[in-house]
Amino acid sequence: MLKHKHYYAILATKMGEAANTTMVDAARAVLDANQREQWTVPSPKLYPHQWLWDSCFIAIGLRHYDTARAKQELLSLLRGQWQNGMIPHITLTPNDEHWANADFWQSGRSKYAPNTPTSGLTQPPVLATAALLVSEKLDGANQRIFLKQMFPALLAYHSWLYTDRDPGQTGLVALIHPWECGLDNTPYWDMALHHFSPLWVGAFLKLGFGKFINNYRKDTQAVPQKQRLTTVEALKFAALAFNLRKHGYDASLCLKHNRFAVEDVSYNSILAAANKDLGKIADIIAEPIPTDLAFRFQTTNKALELLWDSNDGLYYSRSFHNKEPLRVATVASLLPLYSGVISKERADVLVRHLINKQSFWPAFPVPSVATNDSHYTSDRYWQGPTWINMNWLLYHGLKNYGYDELAESLRQTVFRLVNNSSFHEYFSALDGSGYGIDQFSWTAALSIDLFYTGAGATNGGTRSGVFTNNQPSNQTTNTQ
Ligand code: DGY
């Protein structure tokens, strides 16, 4: 009997490996189809420009089989960098008919904008991490050449984040639009924008123009409307972008005149990790991080603690202006694990939340909003579905604190999702159905990365059969 079990286990492993090898080929085909000039678009239909954190995740996948393209993916982001150091969330493809085009953004209203048209906002700062990970695939001399190319831009970017977005020197960088955190319509940003209701948006809706707008929304032509932003959210987001545009994307004006800035827990967690990686890059190329900037990095590590809510045992984003926490249990609350700078004690509390089947560990974790939270919606964008980039961040977050088996379980979840439902933008956390656009670049790229990076990397990165029925092993006890 035991012998049979052994053979079945080997067979299951082999079948898992074969499935995942095919998955890698299919993922590479997605990245090939989405390649444009020197970079890769997230999705030709829905996102036809170059996005900042998308390209970082894409390069992290590409590095396993095409280092030249991975380097180029990151270097091409620098063509959009502003003179003040900001790296914009979108570097636009001129003349594209996408709604978020040069006319919409009018980046030239800022004296710092480059000639290349871009958006006027930024996105999560994964770039230093992506540069370091790509560089690890290069030999010594080539690694240093590439990192030397990236370093000045990275230094300028991180300095800008602190000078422009942390005027009070709290250590927490403030965001001025939900697009900057990347979790767009996550419920806590909805709370932050509660009082932002421009008259024209209200009038539009009262006059029943909502339906009319939907005819022009390209996203809802490509994806069912209930999986995207609501009309109100879409109008508010556009109105807020116009408002920032009016201020020439000047952060001090925006922070002074608008009451909607957020000290975002996901963003600052990613920043803390990226600061560390920038330090590692500096060591490799023997360049210093200026002392005042290194000091600011330390303040972020400590400041994450300001977002801790001891009643709920979770981290929450908070308002930049009144420092009130925005209390909703979202995946962002768990991302301090990824920062690697919180204490083991805090990490253990977060992991207890993560493995709770009633909230963050349904059949296909990790939902973007806890399934038992009143804001949870199974199929709407960042209001419930599972996203592969969040699982990638949490995979590394779990590794940071020694939760290797749980990390492996999350990695296997990614393979189950993409093997069953292809490279969708996001997935049902309850039954794994694919939502949003298909053939989405970062889903493909991060699946490739997890395939090569995982625990059993020598046998193709799979350890099928280690977990049955998606249960975390006895490394953790799910008692809730
Ligand atoms: C967005 O829309 O925020 C994305 O980064 C594009 O994938």
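Heads up: numbering here begins at 1 and tracks the sequence. Values in this document were obtained by computation on a predicted structure and should not be read as measured data.
Separation of the Y338 and Y395 ring centroids does not fall under the 6.0 Å cut-off. Checked against the 6.0 Å centroid threshold, Y381 and Y426 count as a close aromatic pair. Aromatic rings of F196 and F260 (six-membered ring for Trp) have centroids within the 6.0 Å cut-off, being under it. Taking the six-membered ring for Trp and the full ring otherwise, Y452 and H64 have centroids separated by under 6.0 Å. Under the 6.0 Å cut-off for aromatic ring centres, H177 and F237 qualify, their centroids lying closer than that.
Side-chain N/O atoms of N34 and S441 include a donor and acceptor closer than 3.5 Å. D184 and W189 form no side-chain donor-acceptor contact under 3.5 Å, judged by distance and modelled atom types alone. Between the side chains of Y403 and E408, no donor N or O sits under 3.5 Å from an acceptor N or O. Defined by atom type and a distance below 3.5 Å, a donor-acceptor pair is missing between the side-chain atoms of E73 and Q35. N185 and D190 form no side-chain donor-acceptor contact under 3.5 Å, judged by distance and modelled atom types alone. For the residue pair Q439 / S43, no side-chain donor-acceptor distance below 3.5 Å is found, with atom types taken as modelled. With 3.5 Å as the limit, one finds no donor-acceptor pair spanning the side chains of S319 and E324. For the 3.5 Å distance criterion, the side chains of Q50 and S55 qualify, holding a donor opposite an acceptor. Using modelled atom types and a 3.5 Å distance limit, the side chains of T21 and D25 yield no donor-acceptor pair.
Within 6.0 Å of NZ on K226 lie no more than 12 heavy atoms contributed by other residues, nucleotides or ligands. By the neighbour-count criterion of 12 heavy atoms within 6.0 Å, atom NZ of K137 is densely surrounded, having more than that number from other residues, nucleotides or ligands.
Between H89 and the options W53, Y267, W105, a ring-ring contact (aromatic ring centres under 6.0 Å, His included) holds for only W105.
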* Asked: Run the side-chain hydrogen bond (donor to acceptor under 3.5 Å, both in side chains) check on D277 and T129 step by step: do they pass?
  -> CA-CA 6 Å; D277 290 335; T129 302; 2.8 Å; yes
* After noting the C-alpha distance and the side-chain angles of L31 and Y65, does the key distance pass the side chain to side chain contact (heavy atoms under 4.5 Å, CB included) rule? -> CA-CA 12 Å; L31 296 180; Y65 63 96; 3.5 Å; yes
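Residue pairs meeting the ring pair (Phe, Tyr, Trp, His ring centres under 6.0 Å) criterion with at least one partner in residues 309-336, sequence neighbours excluded, are W308-Y315.
Under the 3.5 Å distance criterion, the side-chain polar atoms of Q106 are matched with a main-chain donor or acceptor of D103. Proximity of a side-chain donor or acceptor of E180 to a complementary backbone N or O of T122 within less than 3.5 Å is detected. With S107 contributing its side chain and G120 its backbone, the two residues share no donor-acceptor pair below 3.5 Å. A side-chain donor-acceptor contact under 3.5 Å links T371 to the backbone of Q358. Checked by atom type and distance alone, the side chain of H49 pairs as donor or acceptor with a backbone atom of T93 at under 3.5 Å.
Electrostatic pairing of E425 and R228 counts as a salt bridge here, judged by a charged N lying under 4.0 Å from a carboxylate O. Ionic pairing of E263 and R165 is not present here: no N-O contact between side-chain nitrogen and carboxylate oxygen is shorter than 4.0 angstrom. Ion pair D348/K344 flagged as a salt bridge, since at least one NZ, NE, NH1 or NH2 atom sits closer than 4.0 Å to an Asp/Glu carboxylate oxygen. Using a cut-off of 4.0 Å between Lys/Arg side-chain N and Asp/Glu carboxylate O, R69 and D32 are scored as salt-bridged.
Of all non-hydrogen atoms in P88 and S119, the two that sit nearest each other are CB-O, 3.7 Å. Nearest heavy-atom pair, N20 versus N419, reported as atom, atom and distance to 0.1 Å: OD1-ND2, 2.8 Å.
Residues passing the side chain to side chain donor-acceptor pair (under 3.5 Å) test with Y188 are D264, sequence neighbours excluded.
Side-chain contact between S368 and W387: present, with at least one pair of heavy atoms (C-beta onward) separated by less than 4.5 Å. Between P336 and L350, the closest side-chain pair of non-hydrogen atoms falls below 4.5 Å.
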